[in-house]
**Student:** 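Structure provided below as structure tokens; questions to follow.
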Amino acid sequence: MRYLPLTDTDRADMLAKVGVDTIDELFADIPEKARLKGLVDLPRRASEMQVERQLSAMAAKNTPASSVPFFVGAGAYKHHVPATVDHLIQRSEFLTSYTPYQPEITQGTLHYLFEFQTQVARLTDMEVANASMYDGSTGTGEAVLMAHRVTKRKKAVLSGGLHPQYREVVEGLSNMADDQVVSLPADPTGTEDILAQIDDETSCVVVQSPSFYGQIIDLKPIAEKAHEKGALLIAVFTEVVSLGLIEAPGTQGADIVVGEGQSIGNGLNFGGPYVGLFATRQKYIRQMPGRLCGETVDAEGKRGFVLTLSTREQHIRRDKATSNICTNSGLCCLAFTIHMSLLGQKGLGKLARINHANAVSLKKQLAAVPGVEVLNKAYFNEFTVKLPKSANDVVEALAAKGILAGVPVSRLVPGKAELENLLVVAATEVNTDEDRAAFAAALKEVLA
């Protein structure tokens, strides 16, 4: 920008107000090695055609998920998204709509957000859901902060089956707030004793099911112990399709349910944007982050929709805000709502059963490969295998053969020797019999 509205005196006054001497001190939490020392190594200028050619050449080095057998999951899943979804969200009234501050001119936006909330509440078996979060990981962090407000405590216990990136988000937020986090060791087998970690100081217990390793966790005893100690149970999921087959977290006693909704209506998109799902009990509604749309009637008695609750920092009572989330993932949750409406309850159940059946088939074929051990007894569409050599090396070798085999645990949990040979694989409805057979055959060759 050529226009700089602040003078040197203005900057000095602001730095003095926050208690630092230089602007560099504001970035003290960023490790020195992660900071740029100069300009990014890019050409100072290039023509549009030059840029297009260079970026196209770089993109050509990628292996698109749809071009080869694909078994990658670990929080982002390849599902079939009906063409209807993209066709509808591309309509200008949806694609360009903004925050529904004025209900008299944003009834369409408020209506679909209301339907989205209803779908999420029914999926999770909770009493109320908000109009979405940024994604599952930041939603989990917000859930922990919410639990602290409800319980007036500051200690969170994180299961070893929680997605590593979700855990890092919680730890980062908690560190800045001086809250306590007890992160249990990685739990590939789903056998951790999390009940022993819950005490009278615990604010919340965060448990993912299916876990990062694909283990299905019985939440009922955890909920009972948490409630006995005055704590809340935060149930997390990364694969929302699992709710079409597995007992809902709300039915199992969860107080807050949060997770990633990408699997419904949203493609992989290089990791985002995604849509965080967030639901809770009615009695905690005032502590819930984000927006809440409600149904009402207008002056003529006609049905209408309004922004009922928005506990965000931009509004008038910003000092009372429960969260600094500035928006909701509007277009992504519209895609979710359209796809879910197309599926319906029966369709979601059928989709979930197909996912599980494909995973069962894949598990049998991989377990038959010499040296491969499957760690899961119960799972949905994702499970963990232990290989006789480094999972990262195996994945690279399989990629060279045109198979995208999964996610090595060591990529997300580095530095743990006991996890080096673990590979998380996912099977969804897009995998064919030929895909699974090719995976097993290629894995056998690589391990030979």
Side-chain angles (χ1 to χ4, degrees), residues 64-70 72-73 75-100 105-124 129-136 237-245 259-279 291 293 295 303 305 327-358 380-381 426-432 435:
S66 300
S67 64
V68 295
F70 185 87
V72 180
Y77 303 91
K78 180 168 176 54
H79 290 280
H80 171 69
V81 179
T84 306
V85 175
D86 190 59
H87 174 75
L88 290 177
I89 67 173
Q90 292 294 329
R91 291 178 61 94
S92 61
E93 60 266 42
F94 291 134
L95 190 63
T96 63
S97 65
Y98 189 57
T99 302
I105 61 172
T106 56
Q107 281 299 291
T109 298
L110 289 164
H111 191 172
Y112 82 67
L113 290 176
F114 182 83
E115 299 298 338
F116 169 81
Q117 292 170 179
T118 303
Q119 290 173 339
V120 175
R122 292 191 62 181
L123 279 169
T124 58
N130 70 15
S132 82
M133 309 295 286
Y134 291 132
D135 53 32
F237 57 85
T238 58
E239 173 56 288
V240 66
V241 176
S242 67
L243 297 181
L245 193 60
E260 180 55 63
Q262 172 266 325
S263 292
I264 302 294
N266 291 273
L268 290 171
N269 297 332
F270 296 94
Y274 286 163
V275 51
L277 312 184
F278 196 108
R291 295 179 174 137
C293 294
E295 182 181 4
R303 184 188 190 209
F305 301 91
T327 187
N328 62 290
S329 300
L331 199 64
C332 295
C333 70
L334 173 60
F336 178 100
T337 301
I338 295 171
H339 192 180
M340 186 60 68
S341 299
L342 291 171
L343 285 170
Q345 183 175 354
K346 290 185 178 179
L348 178 64
K350 182 177 180 180
L351 176 62
R353 287 191 293 274
I354 292 172
N355 272 248
H356 180 59
N358 285 354
F380 173 60
N381 68 353
T428 70
E429 75 281 1
V430 303
N431 300 131
T432 64
D435 290 341

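Not measured: the values here are computed from a predicted model.
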**Student:** Would you tell me whether Glu93 and Thr109 have side-chain atoms, one donor and one acceptor, within less than 3.5 Å of each other?
**Tutor:** no

**Student:** Checking Asn130 side chain against Ser132 main chain: does a donor-acceptor pair fall under 3.5 Å?
**Tutor:** yes

**Student:** Could you state the interatomic distance from OG1 (Thr84) to CG (Leu342), rounded to the nearest 0.5 Å?
**Tutor:** 5.5 Å

**Student:** Is a side-chain donor or acceptor of Thr432 paired with a backbone partner of Asp435 at a separation under 3.5 angstrom?
**Tutor:** yes

**Student:** Is there side-chain contact between His79 and Glu239, with at least one heavy-atom pair below 4.5 Å?
**Tutor:** yes

**Student:** Does any non-hydrogen side-chain atom of Cys332 lie less than 4.5 Å from one of Pro273?
**Tutor:** yes

**Student:** Treating Tyr77 as the side-chain partner and Ala427 as the backbone partner, does any N or O pair qualify as donor plus acceptor under 3.5 Å?
**Tutor:** no

**Student:** With a 3.5 Å distance limit and no angle check, can you tell me whether Asn431 reaches the backbone of Thr428 through a side-chain donor-acceptor pair?
**Tutor:** yes

**Student:** Would you say Arg291 and Thr99 make side-chain contact, with heavy atoms under 4.5 Å?
**Tutor:** yes

**Student:** side-chain contact (heavy atoms from CB on, under 4.5 Å), that's the test. Do Ser341 and Gln119 meet it? Break it down for me.
**Tutor:** CA-CA 9 Å; Ser341 299; Gln119 290 173 339; 3.3 Å; yes

**Student:** Less than 4.5 Å apart, any side-chain heavy atom of Val241 and any of Leu351?
**Tutor:** yes

**Student:** Looking only at non-hydrogen atoms, find the nearest pair between Glu429 and Asn355 and report the distance.
**Tutor:** OE1-ND2, 3.0 Å

**Student:** Just to verify, what does Phe70 make a ring pair (Phe, Tyr, Trp, His ring centres under 6.0 Å) with, not counting sequence neighbours?
**Tutor:** none

**Student:** Within this structure, what is the CD1-NE2 distance for the pair Ile89 and His339, rounded to the nearest 0.5 Å?
**Tutor:** 12.0 Å

**Student:** Measuring from atom OG of Ser97 to atom CD1 of Ile105, what distance do you get when rounded to the nearest 0.5 angstrom?
**Tutor:** 11.0 Å

**Student:** Looking only at non-hydrogen atoms, find the nearest pair between Gly265 and Val85 and report the distance.
**Tutor:** O-CG1, 3.8 Å

**Student:** Is there a side-chain contact between Leu277 and Thr124, using heavy atoms and a 4.5 Å cut-off?
**Tutor:** no

**Student:** With sequence neighbours left out, write down each residue that passes ring pair (Phe, Tyr, Trp, His ring centres under 6.0 Å) with Phe305, or none if nothing qualifies.
**Tutor:** His111, Phe114

**Student:** Rounded to the nearest 0.5 Å, what separation is found between the OG atom of Ser329 and the CZ atom of Phe116?
**Tutor:** 8.0 Å

**Student:** Write down the atom of Gly267, the atom of Val81, and the distance for their closest heavy-atom approach.
**Tutor:** N-CG2, 4.4 Å

**Student:** Evaluate whether atom CD of Gln345 has more than 12 neighbouring non-hydrogen atoms of other residues, nucleotides or ligands under 6.0 angstrom away.
**Tutor:** no

**Student:** Compare all side-chain heavy atoms of Tyr274 with those of Tyr134 and state whether any distance is below 4.5 angstrom.
**Tutor:** no

**Student:** Side chains of Leu343 and Lys350, heavy atoms from C-beta outward: is any pair under 4.5 Å?
**Tutor:** no

**Student:** Using the test ring pair (Phe, Tyr, Trp, His ring centres under 6.0 Å), find all partners of His356 that sit at least two apart in sequence or belong to another chain.
**Tutor:** Tyr379

**Student:** Please step through side-chain contact (heavy atoms from CB on, under 4.5 Å) for the pair Leu245 and Arg353, ending with a clear verdict.
**Tutor:** CA-CA 7 Å; Leu245 193 60; Arg353 287 191 293 274; 3.8 Å; yes

**Student:** For Asn266 and Gly261, which heavy atoms make the closest approach, and how far apart are they?
**Tutor:** ND2-O, 4.3 Å

**Student:** Closest approach of Phe94 and Leu331, non-hydrogen atoms and distance?
**Tutor:** O-CD1, 3.8 Å

**Student:** With a 4.5 Å limit on heavy-atom distance, are the side chains of Gln117 and Cys293 in contact?
**Tutor:** yes

**Student:** Does a sphere of radius 6.0 Å around CZ in Arg91 hold more than 12 heavy atoms from other residues, nucleotides or ligands, not counting ones at 6.0 Å or beyond?
**Tutor:** no

**Student:** Rounded to the nearest 0.5 Å, how far apart are OG1 of Thr337 and CG of Leu88?
**Tutor:** 11.5 Å

**Student:** Begin with the C-alpha distance, continue with both residues' side-chain angles, and end with the deciding distance and a verdict on side-chain contact (heavy atoms from CB on, under 4.5 Å) for Gln262 and Asn269.
**Tutor:** CA-CA 10 Å; Gln262 172 266 325; Asn269 297 332; over 6 Å; no

**Student:** If I compare all heavy atoms of Lys78 with all of Ser66, which pair ends up nearest, and what's the gap?
**Tutor:** NZ-OG, 3.0 Å

**Student:** Quick one: does any side-chain atom of Thr238 pair with a main-chain N or O of Glu260 as donor and acceptor, under 3.5 Å?
**Tutor:** no

**Student:** Within this structure, what is the SG-CG distance for the pair Cys333 and Asn328, rounded to the nearest 0.5 Å?
**Tutor:** 5.5 Å

